[in-house]
Amino acid sequence: MAVGALRAADPASRPRPAGPAVIVAAGSGVGSLREARRSLVEARQIAEAARRDRRDLPYFRLPHVGLAGLLHLLRDEPRLQTFVERELGGLLAYDAQHPREQLLGTLRAYLEQGRNKSAAAAAAHLSRPAFYERLARIGRILDVDLDSVEQCLSLHVALLALDAVRTP
């Protein structure tokens, strides 16, 4: 097994609330020295994918990064970038024109709170009526039904993919 570490250039740039400045990641176990390089590459990819993980784990392995890890590996794939643009393009454009609102953050809070509007409003530090209005605006901008599990899943994957694409 290879172990890699990734030090964030600026700890404040990571969304991890209060975590270590170093992420430790372990690649798959190997049986020979020849396989060690593959495991080191894997450890680095895991560490890069774990940069947005909010859990305070002593180390990360492939199962810890799940879908975010897969999307991180595919971040240079043009079809993934097209998917992000198709799913979130309208919202990204809106946020660029209205930087004070940042509806992408509202959508992220809603999806990260398991579509629980009250919990998401609290997490976003907004009143429930203000939060509900923002959700309605997001639905209109993206032409989606935010009560649809399938559409929200697609948006959540797109948000994870956006994070992967934006990770240097």
Side-chain angles (χ1 to χ4, degrees), residues 6 8-20 23 25 42 44-57 60-168:
L6 180 67
D10 176 12
S13 69
R14 289 189 317 187
R16 187 183 309 253
I23 296 171
E42 183 179 287
R44 179 183 173 151
Q45 291 169 341
I46 292 166
E48 289 173 356
R51 289 172 62 183
R52 292 194 170 271
D53 196 296
R54 290 187 164 99
R55 294 173 293 178
D56 189 21
L57 299 175
F60 287 86
R61 296 188 53 108
L62 199 52
H64 295 132
V65 294
L67 179 58
L70 173 63
L71 294 171
H72 180 77
L73 292 175
L74 298 173
R75 72 186 179 276
D76 295 327
E77 171 62 46
R79 289 176 290 190
L80 183 66
Q81 295 170 6
T82 300
F83 171 73
V84 169
E85 181 61 31
R86 185 179 65 239
E87 293 294 308
L88 299 174
L91 200 56
L92 293 167
Y94 183 91
D95 278 358
Q97 293 176 352
H98 304 89
R100 297 183 87 158
E101 280 188 72
Q102 294 304 303
L103 294 180
L104 192 68
T106 302
L107 178 62
R108 186 181 301 277
Y110 177 63
L111 297 173
E112 286 180 352
Q113 295 298 321
R115 298 176 40 235
N116 180 323
K117 293 176 184 174
S118 296
H125 307 291
L126 293 169
S127 69
R128 288 192 308 188
F131 190 80
Y132 295 173
E133 169 53 35
R134 285 185 178 200
L135 286 180
R137 195 170 313 128
I138 291 166
R140 288 189 303 271
I141 291 167
L142 296 178
D143 192 26
V144 296
D145 175 8
L146 292 176
D147 290 326
S148 164
V149 173
E150 185 175 335
Q151 288 182 343
C152 284
L153 175 61
S154 185
L155 290 171
H156 203 168
V157 170
L159 279 173
L160 292 172
L162 177 65
D163 292 344
V165 167
R166 287 183 170 173
T167 299

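Reckoned from all heavy atoms, side chains included, excluding hydrogens, waters and symmetry mates.
- Atoms CG and OG, on Leu88 and Ser154 in that order, are 8.5 Å from each other to the nearest 0.5 Å.
- In this structure, the side chain of Gln151 does not engage the main chain of Leu146 through any donor-acceptor pair within 3.5 Å.
- Considering only heavy atoms from C-beta on, Leu135 stays 4.5 Å or farther from Leu103 through its side chain.
- Using a 4.5 Å heavy-atom threshold, the side chains of Arg44 and Glu48 count as touching.
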Before giving the answer on side chain to side chain contact (heavy atoms under 4.5 Å, CB included), spell out for Gln81 and Glu77 the whole-Å C-alpha distance, their side-chain angles and the decisive distance to 0.1 Å. CA-CA 7 Å; Gln81 295 170 6; Glu77 171 62 46; over 6 Å; no
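- In this structure, the side chains of Ser118 and Phe131 stay at 4.5 Å or more apart for every pair of heavy atoms.
- His72 and Arg75 share a donor-acceptor pair across their side chains, judged by distance under 3.5 Å alone.
- A 4.5 Å side-chain heavy-atom check between Leu71 and Val165 finds every atom pair outside the cut-off.
- The shortest side-chain heavy-atom distance between Leu91 and Leu155 does not fall under the 4.5 Å cut-off.
- Between Gln102 and Thr106, every side-chain heavy-atom pair lies at or beyond the 4.5 Å cut-off.
- Under a 3.5 Å cut-off, the side chain of His98 and the backbone N or O of Tyr94 do form a donor-acceptor pair.
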Arg51 vs Asp163, test: salt bridge (Lys or Arg N to Asp or Glu O under 4.0 Å). Steps then yes/no. CA-CA 10 Å; Arg51 289 172 62 183; Asp163 292 344; over 6 Å; no
Working for side chain to side chain contact (heavy atoms under 4.5 Å, CB included), residues Val144 and Glu150: CA-CA 10 Å; Val144 296; Glu150 185 175 335; over 6 Å; no
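- Contact check for Leu159 versus Leu104: side-chain heavy atoms found under the 4.5 Å cut-off.
- Counting only heavy atoms from C-beta outward, the side chains of Arg134 and Tyr110 never approach each other to under 4.5 Å.
- Residue Arg140 qualifies as enclosed at atom CZ: its count of foreign heavy atoms under 6.0 Å is above 12.
- When atom types are taken as modelled, the side chain of Arg128 and the backbone of Lys117 share no donor-acceptor pair closer than 3.5 angstrom.
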